[in-house]
Amino acid sequence: MSLTVMISTRPLAAAAIEQIISQCLPGVAWTLQSKSAEGSSWRLHLAIDPCSEPVSGMFSSILASEWLTGIEFVSPAPTVCAPAKTPAVQ
């Protein structure tokens with residue numbers, strides 16, 4: 001499975017996004033490409049299961065960042081992740 005995500009940010013260097021991604025995912029699992037000269041539009045391609053725990057953690061970190069202004073999932077086919085299984089409370 002793979003997923004392509006468009007990320008909109010305040011102008012920033014690629015290293016800021018790459019640092020978050022590389023803390024969560026192995027280098028062979030993703031590529032980041034700038035889509036604007038000022039560093040405010042990015043294409044992130046994930047070559048890893050988009051429903052995996054590491055990808056979920058990466059998105060949580062990106063969403064918590066102060067530089068994020070928008071995110072759009074542009075994968076060719078819809079991706080639906082099953083809800084996380086939590087143990088029953090007794």
Side-chain angles (χ1 to χ4, degrees):
M1 283 182 108
S2 67
L3 177 67
T4 300
V5 181
M6 298 303 295
I7 300 172
S8 300
T9 65
R10 297 178 315 184
L12 80 158
I17 300 173
E18 291 170 343
Q19 180 180 6
I20 288 177
I21 298 169
S22 65
Q23 290 173 348
C24 300
L25 305 177
V28 297
W30 61 276
T31 55
L32 182 68
Q33 180 182 28
S34 176
K35 300 305 290 176
S36 64
E38 72 278 358
S40 62
S41 182
W42 308 89
R43 176 183 290 149
L44 173 63
H45 180 76
L46 301 172
I48 187 173
D49 180 1
C51 297
S52 68
E53 187 90 19
V55 173
S56 176
M58 180 209 57
F59 281 124
S60 293
S61 295
I62 288 175
L63 290 170
S65 71
E66 295 179 2
W67 41 256
L68 181 70
T69 61
I71 192 164
E72 178 183 0
F73 298 87
V74 293
S75 189
T79 300
V80 178
C81 299
K85 295 181 180 177
T86 56
V89 178
Q90 295 183 1

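Predicted model only: the values in this text are computed from it and were never measured. Values below: all heavy atoms of this structure, side chains included; hydrogens, waters and symmetry mates excluded.
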What closest approach, in Å, do Leu68 and Gly70 show between heavy atoms, and which atom pair accounts for it?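 Here Leu68 and Gly70 meet closest at CD1-O, 3.3 Å.
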Verify same cluster id: Val5, Val28 (apolar side-chain graph, 4.5 Å):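 No, Val5 and Val28 fall in different hydrophobic clusters.
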I'd like to check Leu44 versus Met58 (side-chain heavy atoms, cut-off strictly below 4.5 Å). Are they in contact?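 Result yes, sub-4.5 Å side-chain heavy-atom pair found.
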Val55 side chain reached by Asp49 side chain, heavy atoms, under 4.5 Å: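 No, too far: nothing below the 4.5 Å cut-off.
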His45 NE2 to Leu3 CG distance, which is reported to the nearest 0.5 Å: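 Rounded to the nearest 0.5 Å, the NE2-CG separation comes to 8.5 Å.
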Rounded to the nearest 0.5 Å, how far does CH2 of Trp67 lie from CD1 of Ile7?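 With rounding to 0.5 Å, CD1 (Ile7) is 6.0 Å from CH2 (Trp67).
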Please identify each residue that fulfils side-chain contact (heavy atoms from CB on, under 4.5 Å) with Glu66, with sequence neighbours left out.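 Testing Glu66 for side-chain contact (heavy atoms from CB on, under 4.5 Å), a comparison that skips the adjacent residues, returns none.
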Please list, one pair per line, the donor and acceptor atoms closer than 3.5 Å that link side chains of residues 9-26 to other protein atoms, with sequence neighbours excluded.
from: Thr9; atom 1: OG1; to: Gly39; atom 2: O; distance (Å): 3.3
from: Thr9; atom 1: OG1; to: Trp42; atom 2: NE1; distance (Å): 3.2
from: Ser22; atom 1: OG; to: Glu18; atom 2: O; distance (Å): 2.9
from: Ser22; atom 1: OG; to: Gln19; atom 2: O; distance (Å): 3.2

Counting only heavy atoms from other residues, nucleotides and ligands, does the tally under 6.0 Å from CD of Glu53 exceed 12?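 Atom CD in Glu53 is not crowded, with 12 or fewer foreign heavy atoms closer than 6.0 Å.
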Side-chain (Ser41) to main-chain (Lys35) donor-acceptor, under 3.5 angstrom: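 A pair under 3.5 Å: no.
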